[in-house]
Amino acid sequence: MRLPNGFGSVHKLNGNRRKPYRARITIGWNVTKDNNKTQQYQTIGYYATKQEGLMALANFHKTPTCFNNEITFEQLYQLWSKEHYQKIVPSSIRIWKAAYHHSSYLYPKKLNDIKVSDLEFAINNAKVGSPTKVRMKSLYHMMYQYAIKHEMTDKNYAVYCETPKVETHMRRVPFGEEEIERLWKHIDMPFVDMILINIYSGLRPRELVELKNENIDLKKSIMRGGLKTDAGKNRVIPIHPIIHSLVANRYHVQNERLFVKDNGGNMTYDSYSRQFRKVMEKLGMKHRPHDARHTFISKAKKYKVDEYVIKLVVGHKITDITENVYTHRTQQDINREIHKIKK
């Protein structure tokens with residue numbers, strides 16, 4: 001009888017053994033440079049008969065306590081992520097994978113040997129910004145909750161970690177007119193077009209890289225996208241005439257997304273940030289990716305674009321009840337307001 005995918009397997013080992021049947025589960029995959037995949041296994045136990053091994057697998061999936069005293073941080077993450085990542089969107093998965101990536105100090109440690117000092121050491125010594133450190137603590141908290149739920153441990157040490165300090169007032173610096181002109185003069189430089197599209201669309205950088213071609217209508221000059229908040233999700237963004245040709249040049253129907261890497265793979269926020277920094281260094285500018293979005297908002301205000309249209313386009317919540325409930329703007333109205341912005 002074929003076992004369900006992800007259930008595990010039981011197989012007989014060679015030699016004369018008292019318990020020749022090994023029960024094991026898949027906890028992950030190793031990927032080689034040639035893109036070949038090999039499975040990573042965790043042994044549940046050894047048994048006298050195959051039926052005993054199958055029973056052990058069934059019991060494990062009910063309550064995975066079979067190797068509580070031996071399970072490592074890395075193995076716990078594999079079990080937790082297998083369940084949790086089915087419930088969240090790809091952009092959120094990348095956030096938690098990044099937090100885990102910077103937690104390598106904890107990988108080999110057994111869960112029941114890890115103390116608060118170990119978690120804090122991993123967080124404090126990670127060479128990342130404070131927002132990622134906060135997410136590392138949140139990741140540990142969720143993993144411990146999973147472990148407690150499945151009776152792998154009885155205490156959540158992440159609760160006792162000192163919360164990393166976050167830079168709550170990060171200063172955003174819009175691009176100046178001379179800097180924008182410099183970008184246009186270097187439009188042939190890789191990824192400069194992305195920055196200009198960002199400046200004239202008001203998208204968040206993560207929203208920019210996840211734009212899908214199926215949500216772009218070049219004839220109507222609109223894009224549909226957005227993340228993060230109810231007001232920001234699945235909103236309609238006008239394609240300003242200034243960047244229409246840039247969007248059209250990037251648009252290829254064989255690609256899933258508007259922006260792809262040189263190898264054809266999907267671009268991520270991290271890969272865009274790296275390319276953004278390279279452009280800034282080459283052109284002698286000092287900006288962060290989010291500065292492009294703030295440039296759009298600054299220019300919109302400069303050219304007296306209706307404040308509620310700005311909120312609709314950038315995905316900010318409208319709290320004015322009259323405006324939110326009773327005022328209905330057509331796409332033509334929105335496009336007309338955004339066209340006020342000049343190069």
Using ring centroids (six-membered ring only for Trp), state whether [Y] and [X] fall under 6.0 Å.
X: His287; Y: Phe175; value: yes
X: Tyr77; Y: Tyr100; value: yes
X: Phe276; Y: Phe191; value: no
X: Tyr140; Y: Phe73; value: yes
X: Trp80; Y: Tyr85; value: yes

Self-check item: Verdict with supporting geometry, Arg22 and Lys12, side-chain contact (heavy atoms from CB on, under 4.5 Å)
Solution: CA-CA 6 Å; Arg22 176 167 63 182; Lys12 190 174 184 180; over 6 Å; no
State, to 0.1 Å, how close [X] and [Y] come at their nearest heavy-atom pair, and which atoms those are.
X: Asp333; Y: Arg336; value: OD1-NH1, 3.1 Å
X: Leu119; Y: Cys161; value: CB-SG, 3.5 Å
X: Leu211; Y: Arg224; value: CD2-O, 4.0 Å
X: Leu57; Y: Ala23; value: CG-CB, 4.1 Å
X: Asn249; Y: His252; value: O-NE2, 3.3 Å
X: Pro289; Y: Ser273; value: CG-OG, 3.9 Å

Quiz item: Which one of Lys299, Lys342, Arg182 satisfies the side chain to side chain donor-acceptor pair (under 3.5 Å) criterion with Glu177?
Solution: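 Of Lys299, Lys342, Arg182, side chain to side chain donor-acceptor pair (under 3.5 Å) with Glu177 is met by Lys299 alone.
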So, [X] and [Y]: side-chain donor and acceptor under 3.5 Å apart, yes or no?
X: Ser271; Y: Thr268; answer: yes
X: His290; Y: Arg204; answer: no
X: Asn213; Y: Glu256; answer: no

Quiz item: Is any NZ, NE, NH1 or NH2 atom of the basic residue among Glu281 and Lys286 found under 4.0 Å from an Asp or Glu carboxylate oxygen of the other?
Solution: no
Quiz item: If you measure from the Lys or Arg side-chain nitrogens to the Asp or Glu carboxylate oxygens, is any gap between Arg288 and Asp291 under 4.0 Å?
Solution: no
Are the side chains of [Y] and [X] in contact, using a 4.5 Å heavy-atom criterion?
X: Ile338; Y: Ile237; answer: no
X: Ile242; Y: Trp184; answer: yes
X: Ile341; Y: Phe296; answer: yes
X: Lys261; Y: Asn266; answer: no
X: Gln331; Y: Val236; answer: yes
X: Thr72; Y: Leu111; answer: no
X: Leu183; Y: Met285; answer: yes
X: Pro238; Y: Val313; answer: yes

Within this structure, what is the [atom1]-[atom2] distance for the pair [X] and [Y], rounded to the nearest 0.5 Å?
X: Leu76; Y: Met152; atom1: CG; atom2: CE; value: 6.0 Å
X: Ser103; Y: Arg135; atom1: OG; atom2: CZ; value: 12.0 Å
X: Leu258; Y: Met267; atom1: CG; atom2: CE; value: 10.0 Å
X: Leu139; Y: His102; atom1: CG; atom2: NE2; value: 11.5 Å
X: Ile243; Y: Tyr200; atom1: CD1; atom2: OH; value: 9.0 Å
X: Leu79; Y: Ile71; atom1: CG; atom2: CD1; value: 5.0 Å

Using a cut-off of 6.0 Å, state whether more than 12 heavy atoms not belonging to [X] lie near its atom [atom1].
X: Glu178; atom1: CD; answer: yes
X: Lys340; atom1: NZ; answer: yes
X: Tyr107; atom1: OH; answer: yes
X: Met189; atom1: CE; answer: yes
X: His101; atom1: NE2; answer: no
X: Glu162; atom1: CD; answer: no

Quick check on the hydrophobic clustering: are [X] and [Y] connected, directly or via other members, by side-chain heavy-atom contacts under 4.5 Å?
X: Val247; Y: Val260; answer: no
X: Val253; Y: Phe259; answer: yes
X: Leu246; Y: Tyr251; answer: yes
X: Tyr303; Y: Val309; answer: yes
X: Tyr269; Y: Ile199; answer: no

Okay, side chain of [X], backbone of [Y]: is any donor-acceptor separation there less than 3.5 Å?
X: Asn156; Y: Ala158; result: yes
X: Asp113; Y: Lys110; result: no
X: His244; Y: His240; result: no
X: Glu52; Y: Tyr47; result: no
X: Thr132; Y: Val128; result: no
X: Arg293; Y: Ser201; result: no
X: Asn124; Y: Glu120; result: yes
X: Glu207; Y: Leu203; result: no

Exercise. Could you go through the salt bridge (charged side-chain N to carboxylate O under 4.0 Å, His left out) check for Lys115 and Asp118 one step at a time?
Key: CA-CA 5 Å; Lys115 303 302 179 189; Asp118 295 310; over 6 Å; no
Exercise. Before giving the answer on side-chain contact (heavy atoms from CB on, under 4.5 Å), spell out for Leu13 and Tyr21 the whole-Å C-alpha distance, their side-chain angles and the decisive distance to 0.1 Å.
Key: CA-CA 6 Å; Leu13 301 171; Tyr21 290 92; over 6 Å; no
Practice problem: Might you work through the side-chain contact (heavy atoms from CB on, under 4.5 Å) test for Ile123 and Tyr105, ending with a clear yes or no? | Solution: CA-CA 10 Å; Ile123 293 171; Tyr105 167 76; over 6 Å; no
Quiz item: Are Lys185 and Glu181 close enough, and set up right, to give a side-chain contact (heavy atoms from CB on, under 4.5 Å), and what steps lead you there?
Solution: CA-CA 6 Å; Lys185 288 180 179 179; Glu181 188 61 32; 4.1 Å; yes
